[in-house]
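Working notes, structure below.
By convention in this document, chain letters (A, B, ...) are assigned in the order of the sequence lines, proteins followed by strands, and residues within each chain are numbered from 1.
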Amino acid sequence: MLSRVLIANRGEIALRIIRACREMGIETVAVYSEADRAAPYLKLADEAVCIGPAECAASYLNIPRIISAAEITAAEAIHPGYGFLAENINFARICADCGITFVGPGVEAMRLLGDKVAAREVARNAKVPVVPGSDGAIKDEKEALKLAEKIGYPVIVKAAAGGGGRGMRVVHNDMGLRSGLAAAKAEAEAAFGDDCVYLEKFIVEPRHVEVQVMADAAGNAVHFYERDCSIQRRHQKMIEESPCPVLDEPTREKLCEAALRLIRQSNYVSAATVEFLVDKDKQFYFIEANTRIQVEHPVTEMVTGHDLIKWQLRIAGGETINIRQEDIRLRGVAMECRINAEDPQNNFSPCPGRIDAYIVPGGFGVRVDAFVHQGWTISPNYDSMIAKLIVHQNTRAEVIETMKRALREFVIEPVKTTIPACLEILSHNLFVKNKIDTGFVERTLF
Amino acid sequence: MLSRVLIANRGEIALRIIRACREMGIETVAVYSEADRAAPYLKLADEAVCIGPAECAASYLNIPRIISAAEITAAEAIHPGYGFLAENINFARICADCGITFVGPGVEAMRLLGDKVAAREVARNAKVPVVPGSDGAIKDEKEALKLAEKIGYPVIVKAAAGGGGRGMRVVHNDMGLRSGLAAAKAEAEAAFGDDCVYLEKFIVEPRHVEVQVMADAAGNAVHFYERDCSIQRRHQKMIEESPCPVLDEPTREKLCEAALRLIRQSNYVSAATVEFLVDKDKQFYFIEANTRIQVEHPVTEMVTGHDLIKWQLRIAGGETINIRQEDIRLRGVAMECRINAEDPQNNFSPCPGRIDAYIVPGGFGVRVDAFVHQGWTISPNYDSMIAKLIVHQNTRAEVIETMKRALREFVIEPVKTTIPACLEILSHNLFVKNKIDTGFVERTLF
Amino acid sequence: MSDKDHDIQRIQMLLDIMKANDLAELEIKHGDDKIVLRRQQPQPTIYAAQAMHPAAAAPAASVAGQNSAGGAAPPVEQNLVAITSPIVGTFYGTPSPDADPFVEVGTEVDSQTVVCIIEAMKVMNEIKAEVSGAIAEVCCTSGQAVEYGQVLFRVRPH
Amino acid sequence: MSDKDHDIQRIQMLLDIMKANDLAELEIKHGDDKIVLRRQQPQPTIYAAQAMHPAAAAPAASVAGQNSAGGAAPPVEQNLVAITSPIVGTFYGTPSPDADPFVEVGTEVDSQTVVCIIEAMKVMNEIKAEVSGAIAEVCCTSGQAVEYGQVLFRVRPH
C-alpha cells in the first residue's frame, strides 16, 4: 500500500483525493499556489507546500516545482487528479525517472490512448467499432462515392487541416456529396492552403456515453458501467448520469465489453474512461479514451458503491483487483450537476468573486463534492467549478425531483452560478422524457 | 395524495419534511417562533406562519396556534416530526376533530403503545418477549424467591413508586435476594412512604436495538430492519448504526418479525419504532414502542434505500404499501453521529451561540441533515442538536473510517460540539471491535 | 480679506490636512477662539449572514402577505404604536358581517377598547387596544389570515 | 507669520510625529491654548472566514516549519528586506559540505551576490540576493526543505 501521496492538483479534486487517502490511512502532501493559501482542505493534509504564485504555469503546471515538492516531503507517489498535468506524458515520464509512482497509467499506454489516431488503431485491433470513415485524405470523387455507399449517408466531409467547423459539411446523398466535396475542397484550400479532405459517417443526434474502466498491473480489468454525458454546451459537460437511460441490457453489456477490450489491448493500468457516441439505433462508436479520473466519476461511485479514487490508489500501490465483474452491480440512478461560477444570462461568462452566503443542500440521496465555504473568494486564475452536486435515487424520475429540490436549496451569493441553467434543463420536457442528444442544450436552451 | 402539509416542528426535521414534500410535489406550510424567523428553511416552504415567541409553550407546543395556522393556510395534514407534539395524544385527537390528517398513527394505537403497561400487554398478546418480572408488587419473600428461580438471576428489585435508581438493587442469588428485598422495601418505605417493590430480570450489559416498522390503513406492515443505538450517555443516544453488528440472520429475522407482530396487534398506521434490549445470548426483550419518526431514521434510509418520510406522507394520504417485505434489502452499513452544541469537557452542558465558521463535510458516503449555516445563532430555547452526520459504506470498518474523516472535516466554530466526543468513541478499541453495550459510554469514556 | 474669509481658508487647509492624514477629529483653541473639526467615520460593513436569502429557492409566501411583520412595510408615520396579533387566526373588523367596524381611522381608543376579533379554532377572540390614542391605520381586512405578531392597527398615542 | 499660520505649521509637524510614532491622539495645552489631534483608528478586524481553521482536523504541518511564510513568525526588526525562495527545494548555505557559508550575519551583499543554493530535481540553483545591504538574519539551515515564497534571509538594506 502507498504510505505517502502528493496531490498535484487543487480545489474539489484535491480534497476528494485527501478524503480517500485519510480513510485508507495514507499520508498526504498538498501543494498550493499563493491564491489557494487559505483553502481549508490544506489543513486536512499531513503537509502542505506552497509551490508558486497564482498563475498555473508557475505552480500547478510547473513540473520541476511539483517534483521538488514531492522530493522534499518524501512523497512516494503523485496523484495528478484531472486537468493540469493529469494527461501530460512528460510529467508521467519524469515521475518514473525520479522513482515516484504516478497514480495513473504507464507512459506507453498513456501515449497510445492519448493520441487520437493511435487510439483509433488500438480500437480497431480490439474489434471496437469506430466512426467509419476514410482514415486519410480522399483522392477523388469516385473514391468518395464508393466509401459513402459503403458506410451509408449522411456523411461529413472534413478538411484534414481544419477545425472549428470550417471546411466541414454534412451531405445526405450522392448528389450532395458531389457538390459538397468540391465546395469543401475549395473552402479548405482557401482557408488552410491545403485542399485535403476526408470523409466520415455523420452520427445524427448522438448521445455521449462513456464507460468507466479500472485495470491493474496483473492484467485484470473490470468496468463500472457507463455514464451518459450528453448534456453539454460547447463541449463542456453540464449534467451527467448513470446508467445511460436509453441502453437496453444487451447493448450495455456489449458497450462495456468493448471498452474492456480496448483497455486490455493497450496494457492499461489504473482508471480510464472510454468514450463513445451512441446513435438512435443504439449503435456505438469509439471516439476517444481519457487516461485519468474524470470530474463526473461520482455518479459511477453512487450507482456501484465503489470508491474509484481508492481503487486508483490501491492499484498504484501494487494491489490487484480482487473483485469479479459480476460483483459490480448497478443500484438505482445517479446524476451530477456541475455548479460553476458562470452567468447563464451572460453567455456563461465566468463570475469570480467572494462568496458571501453559502448553504449546501443535504438530506436523503444528496452528495456534495466541493471545497469552498462562506467567505471564500473564487479566483479568476482557475476553472469556474464551485461544486459538484450528486444525487442518488431509485429511479430517474426521483433523481430529477431530488436534484431540483437540492439545487433550489443551494445558496451561493452573490456570484452568479449555473444553478438556474441546471434547473431549466432538469425541468425541460425533453430532458424528463429522456429525448436528448449532445446537441440538445445548444439547440433548445442556451 | 396529500396536497398541502403543515409541519409542526422546527430545525432539521422541519427541513427534512419540507425536502420530502418538495420532491413529492406536496405544498408545505412551515410554522416558526420569533427565534427562528431567520431560518433559511422557511424560504423553502410554500408558506410560513409565525405562531409565537421563542418559548416552546407559546409556539411549537401551543396546540391552538398550530391548529389555527393549519386552518388559515388550508393545510390538509400536519406532520409533527419528532419531539414537541409528535406523541401528544390530545394533539392527534384535536387534529382528527378539526378534520386535519395527523401524519402518524391513530389515537387508539398511539394510546395503546404510548402507555408502557398497555404496550407490555400488547406485546404479550402478540407473543413478543418482554423483560420477565412480577408485573406488580411482590407479596412476600417466598413469592420473590419462586419468581427469581423461574426467570433466573440476576434480578433487579425496584420500588413501585421509585425512580432515579432509589429503592433499586440488583441481586445475584437467593441469599442476595432475601437481604436485598428487605433492604429495598425499607428504602422504598423511607423514600416514598410506600414499601411496594417488584421484581424484574436484570439484563446484563444489553444492547439497545430497535426495529423500524411502517404500516398502512389497509393492514399491510413491513419492517426496514433494525438500528443499534447502544452508544448512549444518560439515555441520550449519541451514535446509531444499522444493521446491528451482533445479530446473526436468524435472530435478525425473529426480532423484526416480533416487531411486526406487535405493530399488527395494535392496528397501527404510519411509522413506528419497536425498541428491544438484546442480551449477550442474543435473547431480545421488548421495552417500548415509539409512535413517531425518530431522529436516527436516516441510517435506516441509507441501508434500505427507502425514504421513510415519504412513506409516512404516502400512507397519510391513503396509499397502501405497494412493496413486499422481500423487496426491502440491507445494503452495506450506515452510521449516524449527532452533532450537538454541547461541551464534552464540561459535562456536555449546552453551548448556544453564534456560528462564525461552518464547513460541512461531503464526498463519498456522506449525508448531512442539518439546518444551520455560517452566521446562524443557536438558540438556548431549543435542543442543542446542530446536525446529523450520516455515513454509508460497504462495511462497518469503512463506515468508521469515513465517519472519522468527515468529523475531522466538520468546522463549527466557536461553539463547542460533540464532535470530539464522537471521535473518541469511534477511535475506541471496544467500539471498533464492537464490544459495546448501553453502559459502554458512561463506564468507559464520559 | 475678512476674518471670516480667513477662517474659511484656514478650515479648508485644516480639512485638507485632516483628509490627507486620516484625522478623525481636530480641535484648536486660542483663548476664546476655538475650532473643532470631526470627520465622519466610515462604518465597518459587518456581514450579516442571518439576512441572506436563498435566491434559487422559491420564497415562501408569508401567510400575512405584505403586511406581515416579516415582509417589507410601506414607510409609516413615526411615533405610531402598533397593535399586534397575540395569536394566529382570522381577522374580523366587525362584530358581525353587516355591523359597523369596531374602529375606523380616527376612532379614539383606550386600553380596554375592543378593536377587532380574531377567530382561532372556531373561537372568537376579542382583541383590545391596550393603548390609548386615535386609530391611525387599519392594517387588515375582514377575513384575512393573520400570524403571531402581525400588525393589525397603528395608533397615534396621546 | 501669524499665530494661526503658525498653528498649521505646528500641526503638520505634530502629525509627522504622530505618524512616525503611531499615535492615535495628541493633545497640547498651553494655558488657554490647546491642540487636540486624533488619528483615524484602524478598522476592527471583522471575522474573516478565509482565516478560519478546522479545529477538529489535524493541522497540516507546513513543510517549512515555523519559518514558513504561512507560519507564525517571531517578531523581526522593521525595515528588513526578505530574500525569499523563488522555487521549491532543499536549501544549502554552503557551496560544498565542508566549505564556508556563502554569507553570514553581517556579510555585505549586493544584488548579484550568491547567498545560497537551492537544489530542485538534482539541479543546484544559485540564489542571488537581488538587494544591497548587510545580512541581518539567516532563516534556514543547510539541508532544510523550503517552499515557494519562504523567507531565506533578511537583509538590512543600505
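Neither the backbone nor the side chain of B/I66 comes within less than 4.5 Å of any heavy atom in chain C.
Counting all heavy atoms, side chain and backbone alike, C/V146 lies closest to B/I72 at O-CD1, 3.6 Å. Considering all non-hydrogen atoms of both residues, B/S68 and C/A120 come closest at OG-CB, 2.8 Å. Between B/C98 and C/M121, the shortest heavy-atom contact is SG-CE, 4.4 Å.
Residues B/S33 and C/Y148 fail the side-chain proximity criterion, which asks for heavy atoms closer than 4.5 Å. When side chains are defined from C-beta on, B/E71 does not count as touching C/E119, because their heavy atoms never get closer than 4.5 Å.
For NZ of B/K416, the number of neighbouring non-hydrogen atoms (other residues, nucleotides, ligands) closer than 6.0 Å is 12 at most.
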